[in-house]
**Student:** 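Have a look at the structure that comes next, please.
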2 protein chains.
Amino acid sequence: MSAKTVEQRLNDYLVTGSKAERRIATFMLASIAELPFDTAASISKRIGVSEPTVGRFCRTLGYQNFKALKEDLQHDIGGGPWLLGDRLKEFHDRNKTGEDEPGRGLELEIASLVRIYELARTEQWARAVKKIARDRQVFIAGFQTERGLAHYFAHQLQYLRPNVHLVDIAGGNFSEALLNGEKSTALVIFEARRYSRLSESLAKSAKSRGIPLTLITDAYCDWGHDLADEMFVVRTEFDMFWDSTAHMANLSNLLINSVFKELGPQVEERLNAVTRLHGDFIGYVGEAARQDTKS
Amino acid sequence: MSAKTVEQRLNDYLVTGSKAERRIATFMLASIAELPFDTAASISKRIGVSEPTVGRFCRTLGYQNFKALKEDLQHDIGGGPWLLGDRLKEFHDRNKTGEDEPGRGLELEIASLVRIYELARTEQWARAVKKIARDRQVFIAGFQTERGLAHYFAHQLQYLRPNVHLVDIAGGNFSEALLNGEKSTALVIFEARRYSRLSESLAKSAKSRGIPLTLITDAYCDWGHDLADEMFVVRTEFDMFWDSTAHMANLSNLLINSVFKELGPQVEERLNAVTRLHGDFIGYVGEAARQDTKS
DNA sequence: TGTATTTTGTAATTTAAATTTCAGTTTGAC
DNA sequence: GTCAAACTGAAATTTAAATTACAAAATACA
C-alpha cells in the first residue's frame with residue numbers, strides 16, 4: 001500500500017485534487033508536525049470542510065481513515081532514506097502490499113535505533129560513560145534472557161579496561177560480590193520486564209552500599225528511577241510474538257564505543273595485550289582483534 | 001495552564017507516585033515521542049493498568065484528561081524535532097555540519113537492519129527456521145565476544161522447544177557434544193572475524209558428521225560458504241572504533257520470531273510451562289513472560 | 001444550456017475513547 | 001494485627017470521533 005510517504009501523497013493532490021482536496025492537502029502539508037494532535041473533525045472545522053470529506057480524502061490517499069494516516073506518519077522516516085534509499089523503500093512497499101508482512105517491525109526497530117542514538121547524546125550518557133571507563137571496579141549483571149547481553153557487554157569492556165566482573169548468582173547472594181571494599185565501584189544491570197526479580201534486589205543492595213547503578217531496561221521498569229543513577233530505556237516491542245531485548249545489544253556497543261573514546265589512545269596498549277593473551281590460549285585467526293582506531 | 005512541562009510533571013511522579021502512577025510515568029517518559037499516537041486505552045493495555053487509572057493520573061498531573069496532556073505536549077515540545085522523520089534528518093544534518101559526530105553510524109545501522117529484514121525473506125532463512133524449529137537436537141555455539149550472543153539466542157529458543165544446547169568448549173573438544181547419535185541435529189554458530197578459530201574447527205567437525213550448519217557471521221568469513229548450509233551475513237561496521245556484532249542479536253530475535261511462527265500455537269503450552277518453571281526457582285514479577293501471541 | 005458525473009455537506013448511525021460509580025484491594029499509621 | 005485512607009479495576013455511562021446514507025451543489029462537457 002505504501003510506496004510513498006504521507007508527504008508525497010499529499011503533494012500529488014495539491015494539483016490534481018478537487019477544491020476541497022487541495023485545501024485539505026495544503027493544510028496537512030503546512031502543519032504536518034501537528035497532525036498527530038488533530039482529528040478529522042478538528043481539521044475539518046479549521047479549514048471549513050465537512051468531517052466526512054476529510055475522511056474520504058484520507059481514503060483517497062490510500063488510508064483507511066485519518067487515524068491510519070497518522071500511524072503512517074508515526075513511522076514515516078520521511079525524506080530520510082538517504083543512503084539506503086531504494087532498498088528500504090522497495091522493502092517497505094513489498095511488505096505493505098500485504099502479502100506477508102514482517103515489515104512493521106522494521107519501522108519500529110529503526111525508530112528504536114534513533115532513540116538509542118539520541119540517548120547517547122544525553123548528559124546521563126556522558127556520566128555513565130565516565131564511570132564505566134574510570135571507576136576502579138565495574139560489575140555487570142543480567143539475569144535470565146539478559147544474561148547473554150550482560151556477558152556480551154562485559155566481554156567487550158574487558159578489552160578496554162581491567163576489573164570488569166560479570167555478576168554471578170551462583171553463590172545465592174551476589175551482593176557479597178559487590179562488597180569488595182573498593183570505594184570506586186560501578187554497576188551496570190541489563191533488565192527487562194517480567195523476567196527476574198533478581199535485578200531489583202541487586203539494585204537495592206547496591207544502593208544501600210552506595211554503589212552507583214546504570215540500568216539498561218525497557219519502558220516497564222517501575223523501580224528503576226528510585227534505584228538507578230542513570231536509566232537507559234530501550235524499545236522492546238517490534239511486532240514480534242514477544243518482547244525483544246535485542247536493542248540492548250545495540251545500545252551496549254554504542255556505550256562501549258563511548259567508553260573507548262573516553263579512555264583515549266592510552267587504551268590501545270591494553271587492547272593489544274588482551275588480544276595477544278586471548279590469542280595465546282585460544283588461537284586467533286591472525287589479525288588483530290580490532291580495527292585501526294579511527295576515533 | 002502550564003507552569004511545568006509534561007516531562008517535568010511526569011518526573012515528579014517517578015518517585016513520589018503510587019505504584020501504578022510510577023508505572024505510567026515511566027512509560028510515558030520512555031515513549032514521549034509516541035504519545036501523540038496513543039490513547040489512554042492503548043497505554044493502559046500495554047502497561048497493565050486500567051484505563052480509568054490513566055485518566056485519573058492525567059488529572060493528578062493537572063490535566064483534564066489524556067487528550068489535554070497531549071495538547072500540552074504539543075506546545076512544550078516546541079522546538080525540537082519529534083517526528084521520526086525529522087529526528088533522523090536532524091542526525092543526518094548535524095552529522096554533515098560536522099560538529100560532533102555520532103550520526104553516520106545511525107545510518108549504517110539502519111541499512112544493516114534493512115538487510116537483516118531482507119534476509120528474513122530468503123529461501124535459506126525459511127530452511128534454517130524449519131531446522132531450528134523441528135530438528136530433534138539444536139546446538140548453539142559462539143566463542144569469545146559472540147558467546148554472549150549464542151547464550152542469548154539459546155536461552156530464548158529454550159522457551160520454544162526442548163533439546164537446545166549451548167556448545168561448551170570446557171571439555172576441550174566440543175565435537176563430542178555433537179556426537180550424540182541423533183540423526184536429526186542442527187547447529188547454529190555465531191562467528192565474527194578475527195576472534196577465534198574454534199568456530200571453523202567446530203564447523204568442520206560438524207560437516208564431517210553430516211550435521212547441517214547455520215552460520216551467522218560477518219562479511220569477512222572466508223570458510224563459511226564451504227561448511228555452512230545457510231549463511232547469514234550481518235554488517236559489522238558502523239563507524240565505531242571496532243566492529244560491532246550487535247546486529248547478530250537483532251537477527252537472532254527475528255529468527256526466534258520466525259521459529260515461533262513455524263511452530264504455531266502448539267508452542268504456547270511449552271512457553272507457559274517454562275515460564276512457570278523459571279518462576280518457581282527465581283521469582284517472576286508476576287505477569288507472564290510473554291505477550292499475547294499475535295502472529 | 002441541459003444532463004451525467006463528480007464532489008460535498010447534513011443528519012443519523014456506528015464505533016472508539018474517556019468518565020463515573022462503586023466495590024474490592026492495598027497501604028500505612030497506630 | 002486492626003482500621004482508616006488511599007488506590008485501583010470492572011462495568012456501565014457519557015462523550016467524542018469516524019462512517020454511512022443520501023440529497024444538494026458543483027463541475028464537465030456535449
Side-chain angles (χ1 to χ4, degrees), chain A residues 1 6 9-10 12-28 31 34-74 193 197 200 204 220 222-223 225-226, chain B residues 1 6 9-10 12-28 31 34-74 285-288 292:
Chain A
M1 180 223 280
V6 177
R9 286 157 202 248
L10 288 171
D12 292 346
Y13 281 84
L14 276 182
V15 183
T16 68
S18 70
K19 204 170 152 192
E21 287 175 335
R22 288 199 311 267
R23 221 191 278 179
I24 299 170
T26 305
F27 175 83
M28 285 189 175
S31 46
E34 284 93 57
L35 287 188
F37 303 97
D38 275 313
T39 71
S42 70
I43 289 174
S44 72
K45 246 167 250 162
R46 280 205 275 177
I47 62 180
V49 298
S50 73
E51 193 182 338
T53 302
V54 175
R56 276 188 285 251
F57 178 61
C58 293
R59 208 166 283 177
T60 310
L61 291 180
Y63 302 100
Q64 213 200 338
N65 51 31
F66 181 63
K67 247 188 107 185
L69 184 150
K70 281 200 282 185
E71 289 229 339
D72 203 22
L73 203 59
Q74 177 175 17
R193 156 173 82 157
R197 265 202 188 102
E200 186 177 359
K204 275 184 183 147
Y220 305 94
D222 52 8
W223 51 265
H225 288 283
D226 297 334
Chain B
M1 168 215 279
V6 176
R9 286 159 204 246
L10 287 171
D12 293 344
Y13 280 85
L14 280 180
V15 183
T16 67
S18 71
K19 204 171 159 190
E21 288 175 334
R22 287 198 314 263
R23 232 193 261 183
I24 298 170
T26 304
F27 180 84
M28 284 190 175
S31 40
E34 283 93 59
L35 284 189
F37 302 96
D38 274 312
T39 72
S42 69
I43 289 175
S44 72
K45 244 169 252 162
R46 282 206 276 175
I47 61 180
V49 300
S50 72
E51 194 182 336
T53 302
V54 175
R56 277 189 284 250
F57 178 62
C58 294
R59 209 165 286 174
T60 310
L61 290 181
Y63 302 99
Q64 210 199 339
N65 51 29
F66 181 64
K67 247 190 107 185
L69 183 150
K70 283 200 279 187
E71 291 225 342
D72 201 21
L73 200 62
Q74 177 175 19
V285 180
E287 292 151 282
D292 285 346

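For the numbers below, each heavy atom of this structure counts, side chains included, while hydrogens, waters and symmetry mates do not. Below, read A as the first sequence line, B as the second, and so on, with proteins coming before strands; counting in each chain starts at 1. Values in this document were obtained by computation on a predicted structure and should not be read as measured data.
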**Student:** Respond yes when some side-chain nitrogen or oxygen of Asn65(A) is under 4.0 Å from OP1 or OP2 of dA17(D), and no when none is.
**Tutor:**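 No.
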
**Student:** Are Phe57(A) and Tyr13(A) an aromatic pair, judged by ring center distance below 6.0 Å?
**Tutor:**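 Ring-ring flag for Tyr13(A)/Phe57(A): true, centres closer than 6.0 Å.
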
**Student:** Can you tell me how far the CE atom of Met28(A) sits from the CZ atom of Arg23(A), to the nearest 0.5 Å?
**Tutor:**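 The CE atom of Met28(A) sits 13.5 Å away from the CZ atom of Arg23(A).
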
**Student:** Starting from C1' on dT6(C), measure out to CZ on Phe57(A) and report it in whole angstrom.
**Tutor:**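 Interatomic distance, CZ of Phe57(A) to C1' of dT6(C): 16 Å.
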
**Student:** Just how far, in rounded Å, is P of dA16(C) from NZ of Lys67(A)?
**Tutor:**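 After rounding, the gap between these two atoms is 8 Å.
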
**Student:** To the nearest Å, give me how far apart CD1 (Ile43(A)) and P (dA16(D)) are.
**Tutor:**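 So the two atoms are 18 Å apart, to the nearest Å.
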
**Student:** Round to the nearest Å and state the distance from Leu69(B) atom CG to dA18(C) atom P.
**Tutor:**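 Distance, rounded to whole Å: 11 Å.
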
**Student:** Whole angstrom is fine here: how far is it from OH in Tyr63(B) over to C1' in dA18(C)?
**Tutor:**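 So the two atoms are 18 Å apart, to the nearest Å.
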
**Student:** Looking at dG9(C), dT7(C), dT8(D), which one has an atom nearest to any side-chain atom of Glu21(B)?
**Tutor:**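 Nearest nucleotide to the side chain: dT8(D).
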
**Student:** For dT8(D), does either OP1 or OP2 sit under 4.0 Å from a side-chain N or O belonging to Thr53(B)?
**Tutor:**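 Answer is no, no contact under 4.0 Å.
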
**Student:** Quick check: on DNA chain C, is the nucleotide nearest Phe66(B) upstream (toward 5') of the one nearest Lys19(B), or the reverse? Name the residue that is more 5'.
**Tutor:**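 The residue mapped nearer the 5' terminus is Phe66(B).
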
**Student:** So how far is it from Cys58(B) SG to Ile24(B) CD1, rounded to the nearest 0.5 Å?
**Tutor:**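 It is 7.5 Å, given to the nearest 0.5 Å.
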
**Student:** Round to a whole Å and report the spacing from NZ of Lys70(B) to C1' of dA17(D).
**Tutor:**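 Spelled out: NZ on Lys70(B) to C1' on dA17(D) is 12 Å.
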
**Student:** Base, sugar-phosphate, or nothing for Arg59(B), non-hydrogen atoms under 4.0 angstrom?
**Tutor:**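 Sugar-phosphate only.
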
**Student:** Taking CD from Glu51(A) and P from dT13(C), how many angstroms apart are they, rounded to a whole number?
**Tutor:**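 From Glu51(A) CD to dT13(C) P: 17 Å.
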
**Student:** Return the nearest nucleotide to the side chain of Pro52(A); candidates are dT8(C), dT20(D), dT8(D).
**Tutor:**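 My answer, after comparing the listed nucleotides, is dT20(D).
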
**Student:** Are a donor atom and an acceptor atom from the side chains of Tyr220(A) and Arg46(B) found within less than 3.5 Å of each other?
**Tutor:**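 There is no such pair (donor and acceptor under 3.5 Å, judged by atom type) between the side chains of Tyr220(A) and Arg46(B).
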
**Student:** When we call it a touch if two heavy atoms are under 4.0 Å apart, what does Val54(B) touch: a base, just sugar-phosphate, or nothing?
**Tutor:**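 Counting heavy atoms under 4.0 Å across all strands, no contact is made by Val54(B).
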
**Student:** Can you check the Arg56(B) CZ to dA10(D) C1' distance for me, whole Å?
**Tutor:**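 My rounded result for the distance is 11 Å.
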
**Student:** Classify the nucleic acid contact of Gly17(B) as base, sugar-phosphate or nothing, counting any heavy atom under 4.0 Å across all strands shown.
**Tutor:**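 No contact.
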
**Student:** Which value, rounded to the nearest 0.5 Å, describes the distance between Thr16(B) atom OG1 and Asp226(A) atom CG?
**Tutor:**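 Separation between the atoms: 10.0 Å.
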
**Student:** For dT8(C), does either OP1 or OP2 sit under 4.0 Å from a side-chain N or O belonging to Ser18(A)?
**Tutor:**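 Ser18(A) to dT8(C) OP1/OP2: side-chain N or O found under 4.0 Å.
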
**Student:** Closest-nucleotide mapping onto DNA chain C: is Val49(A) or Lys45(B) further toward the 5' terminus? I mean the 5' end.
**Tutor:**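 The residue mapped nearer the 5' terminus is Val49(A).
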
